[in-house]
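To start, the structure under review is shown below, and the notes come after it.
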Amino acid sequence: MKLSPSILNADFSNLLAAIERIADLADFIHFDVMDGHFVPNLTFGPALVNSLREKISLPFDIHLMIDRPALYAPSFRVRPEDILTFHVEALDHPHEAIAAIRKLGCKAGISLRPRTPLSLVFPYLDQVDLVLVMSVEPGFGGQKFMPEALERIRALREEIGDRGVLIAVDGGIGPENIGPVVEAGAEVIVAGAAIFGSPDPHEAALRLWKAAGQPRN
Ligand code: DX5
Ligand code: ZN
């Protein structure tokens, strides 16, 4: 298992400190980029992500909840180990976004909303490094986990077979459901409120590792 804490619920006035507090328990840092159009919320864009990129050594897991991801992807100054993920619903020709991300030399991820048929990502499984399964409607942190996601993770695991594509799950994950999510086949766990909504984010991240029954390596 890999843990990707989402900073959406962290203190935006002190993001660097918030990230440093949990860095030893994180494998990625998850950034939710929202444009107020693809999702009904606005967060931040490349300027913020790029300025943090210079100060943090952990890989970035950048979740683009925006229209026209192929247009904006090149604005992110990514490293080879970073992941740039776009939504399959955001464009008519997803391969354009995959090509734009590949050109940057980082990993490419594809995501889908909870009610989007899983089969929409199947044609791209040979072209991406990761599929991000949403277990809440994208837009806000702190929502309730949709248990239907478990079946989708299992089905995706089956479809991926031995292709080596990672499955990430995002939304409503906490100590109470991380076990079944990992058991269903998720390898990258995104967690926001369960970590940064806690008065002690480091302790909360440790609780997630323990609840998952995974050795922290
Ligand atoms: C929701 C975002 C998530 C969110 C997860 O649109 O994509 O990454 O931050 O936060 P929690 O864990 O609070 O659901
Ligand atoms: Zn996200």
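First listed ligand is number 1; within each ligand, the first listed atom is number 1.
Here's the thing with S6: one of its N/O atoms is less than 3.5 angstrom from an N/O atom of ligand 1. Considering backbone and side-chain N/O of M34, none are found under 3.5 Å from N/O of ligand 1. Between V190 and ligand 1, no pair of N/O atoms sits closer than 3.5 Å. For A193, a nitrogen or oxygen atom sits less than 3.5 Å from a nitrogen or oxygen atom of ligand 1, counting backbone and side chain alike.
Proximity of a side-chain donor or acceptor of S111 to a complementary backbone N or O of L132 within less than 3.5 Å is detected. Side-chain atoms of S135 come within 3.5 Å of backbone atoms of G171 as a donor-acceptor pair (strictly under, hydrogens ignored). With hydrogens and angles disregarded, no donor-acceptor distance shorter than 3.5 Å links the side chain of R113 to the backbone of H87.
The side-chain hydrogen bond (donor to acceptor under 3.5 Å, both in side chains) contacts involving residues 167-176 comprise H30-D170, H63-D170, where partners must be two or more places apart or lie in separate chains. For residues 177-199, the side-chain hydrogen bond (donor to acceptor under 3.5 Å, both in side chains) pairs, not counting sequence neighbours, are R157-E187. Here side-chain hydrogen bond (donor to acceptor under 3.5 Å, both in side chains) pairs that include residues 70-80, with residues two or more places apart or in two chains, are E54-R77.
The option from G172, G192, S111, A191 that lies nearest to atom 14 (O) of ligand 1, judged by heavy atoms, is G172.
Ligand 1 lies out of reach of N9, whose nearest heavy atom is not under 4.0 Å from it. A heavy-atom separation below 4.0 Å is not found between A194 and ligand 1.
Note on the Zn ion (ligand 2): protein N, O or S atoms under 2.8 Å away count 4, no waters included.
Listed by atom number, the atoms of ligand 1 under 4.0 Å from G171 heavy atoms are 14 (O). Near H63, the atoms of ligand 1 lying under 4.0 angstrom from a non-hydrogen atom of the residue are 7 (O). Every atom of ligand 1 with a heavy atom of M65 under 4.0 Å away is listed here by number and element: 6 (O), 7 (O). Under a 4.0 Å criterion applied to the non-hydrogen atoms of M134, ligand 1 contributes the atoms 7 (O). When each atom of ligand 1 is checked for a heavy atom of H30 under 4.0 Å away, the hits are 8 (O). Near P138, with a cut-off below 4.0 Å to any heavy atom, the atoms of ligand 1 are 6 (O). Below 4.0 Å from some heavy atom of G141 lie the following atoms of ligand 1, by number and element: 10 (O), 13 (O).
A salt bridge does not link D61 to K107: none of the charged nitrogens lies less than 4.0 Å from a carboxylate oxygen. Between D82 and R53 there is a salt bridge, since a side-chain N of the basic residue sits under 4.0 Å from a carboxylate O of the acidic one. A salt bridge does not link R115 with E148: none of the charged nitrogens is closer than 4.0 Å to a carboxylate oxygen.
Atom 13 (O) of ligand 1 has its closest protein heavy atom at G142 N, 2.7 Å. Looking only at heavy atoms of the protein, atom 1 (C) of ligand 1 is closest to F140 O, 3.5 Å. Among all non-hydrogen protein atoms, the one lying nearest atom 6 (O) of ligand 1 is G139 N, 2.7 Å. Closest protein heavy atom to atom 3 (C) of ligand 1: D170 OD1, 2.9 Å. Ranking the protein heavy atoms by distance from atom 2 (C) of ligand 1 puts D32 OD1, 3.4 Å first.
For the pairing with F122, the side chain to side chain contact (heavy atoms under 4.5 Å, CB included) check across L118, L120, D126 returns one residue only, L118.
For the pair F140 and P40, the minimum side-chain heavy-atom distance is below 4.5 Å. Using a 4.5 Å heavy-atom cutoff, the side chains of R68 and F38 are not in contact.
Taken to the nearest 0.5 Å, the CE atom of M146 stands 14.5 Å off from the CD atom of E151. Rounding to the nearest 0.5 angstrom, the gap separating the CD1 atom in I167 from the CD1 atom in I160 is 4.0 Å.
Hydrophobic clustering places V88 together with I153 (ILVMFWY residues linked when any side-chain heavy atoms are closer than 4.5 Å, directly or through intermediates).
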